Structure formats: structure tokens, C-alpha cells
Amino acid sequence: MPKPDKSMIAKTMRSMDLCMMTTHGEGGTLTSRPMSNNAQVDFDGDSYFFTAPDTRKLRDIARDDHVALDFQGDGVWLTIRGTASVHDDPELIKEHWTPDIEKWFGHGPDEQDGVLIVKVTAREAELYGENEGVVDMSG
């Protein structure tokens with residue numbers, strides 16, 4: 001079995017949408033919640049997630065920006081470990097908006113009140129399944 005590399009991680013991500021995002025909660029607890037990358041699976045090391053402004057995940061990220069994303073697909077499991085940053089840039093929001101997001105926020109990308117993007121920059125990926133291993137995503 002070939003050892004995974006960045007291109008294999010990108011290829012694996014093409015079939016994955018939903019994940020569990022884990023943050024560091026109050027008192028150091030780990031907190032996970034389901035998130036969607038909105039079927040934006042042209043993975044280059046960054047993942048984008050939409051959120052409302054007053055959420056526990058944002059408070060967690062403000063305290064500690066280290067996060068993990070855990071994906072599962074057809075006999076493959078993938079963990080992305082990285083850092084999260086929060087953005088309210090209207091152009092970034094429009095660039096990553098998909099129609100499915102409207103059901104969560106009740107409006108389209110031109111009405112951006114109450115919409116933020118969490119960008120997760122991968123530092124490391126770990127693949128489990130047929131091909132297994134850890135890939136340094138930082139360089």
C-alpha cells in the first residue's frame with residue numbers, strides 16, 4: 001500500500017462533506033459537533049464552514065484555535081488537525097456560499113448579517129483504511 005501524501009488526501013476529500021469538528025471547550029474539555037464543508041471538496045489544505053456569530057464553537061476557537069475535523073466515507077476515515085480562524089469578509093462568504101446554506105440562515109449570500117466563516121487550515125492529516133498514515137500538510 002502506498003503511503004498517503006497531499007494528493008491522496010485531496011482525492012479522499014472529494015467524496016467527503018460532513019465531519020465532526022472538535023474544539024477545546026471551557027476547562028480543557030473536547031467538544032465535537034457535526035459540520036458541513038458545503039460540498040466544497042476541492043481540498044487544498046483549507047476547509048470552510050459557515051456559522052452564526054454567537055456559538056460555543058466560536059468561543060472555543062477564540063480560547064484555543066487548534067481544531068480537529070473527523071470525516072468518514074466508504075471504508076475510509078480521515079482526521080485533519082489544524083488551526084481555525086474566523087472571518088466576516090463579504091467576498092469570502094460569497095465565494096464559499098452554496099444554496100444549501102440558505103436553509104440554515106434564512107437568506108442568501110447578499111444578506112450577510114449573522115454569517116461568519118470558520119476557515120480551518122490543515123497542519124496534519126491522518127488517513128485510515130486501505131492506505132494509512134500521517135501527512136504533513138503545513139509545507
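Note that the coordinates shown come from a computational prediction; the quantities given were computed from them, not determined experimentally. Atoms considered below: every heavy atom in the structure, side chains included; atoms not considered: hydrogens, waters and symmetry mates.
Classified by interplanar angle (parallel below 30°, tilted 30° to 60°, perpendicular above 60°), the ring pair Y48/H96 is parallel.
When all heavy atoms are compared, the tightest approach of G133 to P4 is N-CG, 3.6 Å. Residue M21 comes nearest to M35 through the heavy atom pair CB-CG, 3.7 Å, listed as atom of the first residue, atom of the second, then distance. Summarising the geometry of V115 relative to I93, their closest heavy-atom pair is O-CD1, 3.6 Å, with the distance given to 0.1 Å.
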Discussion item. Working note: S7 + D5, criterion side chain to side chain donor-acceptor pair (under 3.5 Å); need CA distance, chi angles, decisive distance, verdict.
Written reply: CA-CA 6 Å; S7 65; D5 59 14; 2.8 Å; yes
Discussion item. Checking H66 against D64 for the side chain to side chain donor-acceptor pair (under 3.5 Å) test, could you report, in this order, the C-alpha distance in whole Å, the side-chain angles of both residues, the deciding distance, and whether it holds?
Written reply: CA-CA 6 Å; H66 294 88; D64 185 335; 2.8 Å; yes
Worksheet entry | Trace of the side chain to side chain donor-acceptor pair (under 3.5 Å) decision for S36 with D17 | CA-CA 6 Å; S36 171; D17 174 22; 2.7 Å; yes
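Hydrophobic clustering of Ile, Leu, Val, Met, Phe, Trp and Tyr side chains at less than 4.5 Å, counting indirect connections, unites F49 with V86. Both F105 and L92 are members of a single hydrophobic cluster when ILVMFWY side chains are connected at heavy-atom separations under 4.5 Å. V135 and M8 fall within the same hydrophobic cluster, defined by Ile, Leu, Val, Met, Phe, Trp and Tyr side-chain heavy atoms under 4.5 Å apart, directly or through other members. Note: the hydrophobic cluster containing V76 also contains M137 (ILVMFWY, side chain heavy atoms under 4.5 Å, direct or indirect links). When hydrophobic clusters are built by joining Ile, Leu, Val, Met, Phe, Trp and Tyr residues whose side-chain heavy atoms come closer than 4.5 Å, directly or via intermediates, L69 is not grouped with Y128.
Rounding to the nearest 0.5 angstrom, the gap separating the CE atom in M13 from the OG atom in S47 is 4.0 Å. To the nearest 0.5 Å, the span separating CE on M20 from OG1 on T79 amounts to 12.0 Å.
Among residues two or more places apart in sequence or in another chain, the side chain to side chain donor-acceptor pair (under 3.5 Å) test is passed with K119 by none.
A donor-acceptor contact shorter than 3.5 Å links the side chain of R33 to the backbone of T31. A donor-acceptor pair is defined here as one N or O able to donate and one able to accept, closer than 3.5 Å; no such pair exists between the side chain of D60 and the backbone of A62.
Applying the 6.0 Å contact sphere to CZ of R56 captures no more than 12 heavy atoms from other residues, nucleotides or ligands.
Chaining together hydrophobic side chains whose heavy atoms lie under 4.5 Å apart leaves V134 on its own.
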